[in-house]
Amino acid sequence: MAPALEAQEPETVAHNNLLNILNDASHRSKVTVIGSGNWGSVAAKLIASNTLRLNFFHDEVRMWVYEETLPSGEKLTDVINRTNENVKYLPGIKLGKNVVADPDLENAVKDSSMLVFVTPHQFMEGICKRLVGKIRADAEAISLVKGMEVKMEGPCMISSLISEQLGINCSVLMGANIANEIAVEKFSEATVGYRHNREVAERWVQLFYTPYFIVTAVQDVEGVELCGTLKNVVALAAGFVDGLQMGNNTKAAIMRLGLREMKAFSKLLFTSVKDSTFFESCGVADIITTCLGGRNRKVAEAYAKFGGKRSFDELEAEMLQGQKLQGVSTAREVYEVLSHRGWLELFPLFSTVHEISTGLLPPSAIVEYSEKLPRSL
Ligand SMILES: NC(=O)C1=CN([C@@H]2O[C@H](COP(=O)(O)OP(=O)(O)OC[C@H]3O[C@@H](n4cnc5c(N)ncnc54)[C@H](O)[C@@H]3O)[C@@H](O)[C@H]2O)C=CC1
Ligand SMILES: O=C(CO)COP(=O)(O)O
């Protein structure tokens, strides 16, 4: 005989209804990661550990792969789905069985309400164009992309590009996040920048937060995103200093001067940018980690060692095996803004980095502008 049902308190019924809704897969948010490079793959791993654990996310995480054929003749997507590893961009790390690689961009985003953008910034405009009309109208986006576009009208942050082209809200996540370290679960922090809605920010924090990846939200999209973008220019300067063996004091000076220009540039572009943002993980901490251990620093070091005689493109292809630098194109983009607005003299570090990376100045020029430094930034 079936056991008699006990009468339930109204709160218990409401609670059980809520649990049923949460357990009903159709009510759960689906997540797609757009990008599968070094950081894209780690982001998918972090997210996949949380979607399995938290009821309000759908377990499966789709990861869009820019398809390529490996030297073995196999497609990268097939290998990721067979081995659960991104053998090209994050070898040796299991992504989680619930990560599904998908080379079809449209298919990858079609049911998702949470879109995580994480590709090198130069590909974002093309990706957004392909996504127009293909995503859910109620989707929320977050950009992990460190970079910006410069248009006729002026600079355009990647979060704005996403919002404007796709008609959706876009937050950002930046921080001191060298992907290979997070992949092996070493402790680090990150910053979510959000525009208006604190609840949306909290949902993003939940999607990324783990005991070894501490995420804090601040209401300053532009400040957080400009920190992540501009620190790549400072990292090139730090690399030049390393290549010329100028020592720790010089490198620390470059980091301080770089942070000062980052803050001044951000505040000239957006008056809303908050001073406190520069003390979050996306600010001072990202400057430190990138200038110590990032790819921009590493390739700039080699560039200086070769006295500027080998191009960044050549060194990038040789040293990074398909991974992409963001600093050189960002330095050019920043330079365009500075020239256009008549601000070049206010930003000697930023402009000198561009002039060195294009071969106009030798790497040693990185400390030769110091007498020209304005005192008022
Ligand atoms: N790797 C890291 O430690 C971190 C990277 N970031 C940022 O994340 C963003 C993505 O970087 P990663 O994931 O490291 O990428 P990556 O530099 O490792 O890989 C390059 C990616 O670009 C893809 N790709 C190549 N050609 C393409 C095309 N024509 N269209 C679309 N995709 C193409 C490749 O398939 C690959 O997935 C960048 O803005 C970077 O600054 C942020 C924090 C840490
Ligand atoms: O953004 C990064 C760390 O936060 C990675 O920097 P690199 O692209 O120079 O490796």
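Numbers for residues simply follow the sequence, beginning at 1. When a ligand or atom number is given, it counts from 1 through the structure's own listing order.
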Pair up each side-chain donor or acceptor in residues 236-249 with any protein partner under 3.5 Å, not counting sequence neighbours, and list the distances.
{"from": "Asp242", "atom 1": "OD1", "to": "Lys251", "atom 2": "NZ", "distance (Å)": "3.3"}
{"from": "Asp242", "atom 1": "OD2", "to": "Lys251", "atom 2": "NZ", "distance (Å)": "2.8"}
{"from": "Asp242", "atom 1": "OD2", "to": "Arg297", "atom 2": "NH1", "distance (Å)": "2.7"}

Does the side chain of Gln326 pick up a donor-acceptor pair with the side chain of Gln122 at under 3.5 Å?
-> yes
For [atom], grab the closest protein heavy atom and report residue, atom and distance to one decimal in Å.
{"atom": "atom 36 (C) of ligand 1", "answer": "Tyr89 CZ, 3.5 Å"}
{"atom": "atom 42 (C) of ligand 1", "answer": "Trp39 CD1, 3.2 Å"}
{"atom": "atom 21 (C) of ligand 1", "answer": "Pro120 CD, 3.7 Å"}
{"atom": "atom 3 (O) of ligand 1", "answer": "Ala179 N, 2.8 Å"}
{"atom": "atom 10 (C) of ligand 1", "answer": "Thr119 C, 3.5 Å"}

Kindly indicate whether a cation-pi arrangement holds for Arg260 with Phe278, taking the cut-offs as under 6.0 Å to the six-membered ring centre and within 45° of the axis.
-> no
Kindly indicate whether a cation-pi arrangement holds for Arg332 with Tyr335, taking the cut-offs as under 6.0 Å to the six-membered ring centre and within 45° of the axis.
-> no
What class does the angle between the rings of Tyr66 and Trp64 fall in, given that below 30° is parallel, 30 to 60° is tilted and above 60° is perpendicular?
-> perpendicular
Decide yes or no on side-chain contact (heavy atoms from CB on, under 4.5 Å) for Arg195 and Glu222, but give the supporting numbers first.
-> CA-CA 9 Å; Arg195 205 167 289 287; Glu222 281 81 16; 3.1 Å; yes
Within-cut-off N or O pair, Val145 and ligand 1, under 3.5 Å = no
Between Leu230 and Ser266 the two heavy atoms that sit nearest each other are CD1-OG, 3.8 Å
Using heavy atoms and a cut-off under 4.0 Å, could you grab the residues that are in contact with ligand 2, chain by chain, numbers ascending?
-> Lys146, Gly175, Ala176, Asn177, Ile178, Lys231, Asp286, Thr290, Gly294, Arg295, Asn296
Who pairs with Lys94 by side-chain hydrogen bond (donor to acceptor under 3.5 Å, both in side chains), at least two apart in sequence or on another chain?
-> Glu85
Residue pairs fulfilling side-chain hydrogen bond (donor to acceptor under 3.5 Å, both in side chains) with at least one residue in residues 207-219, sequence neighbours excluded | none
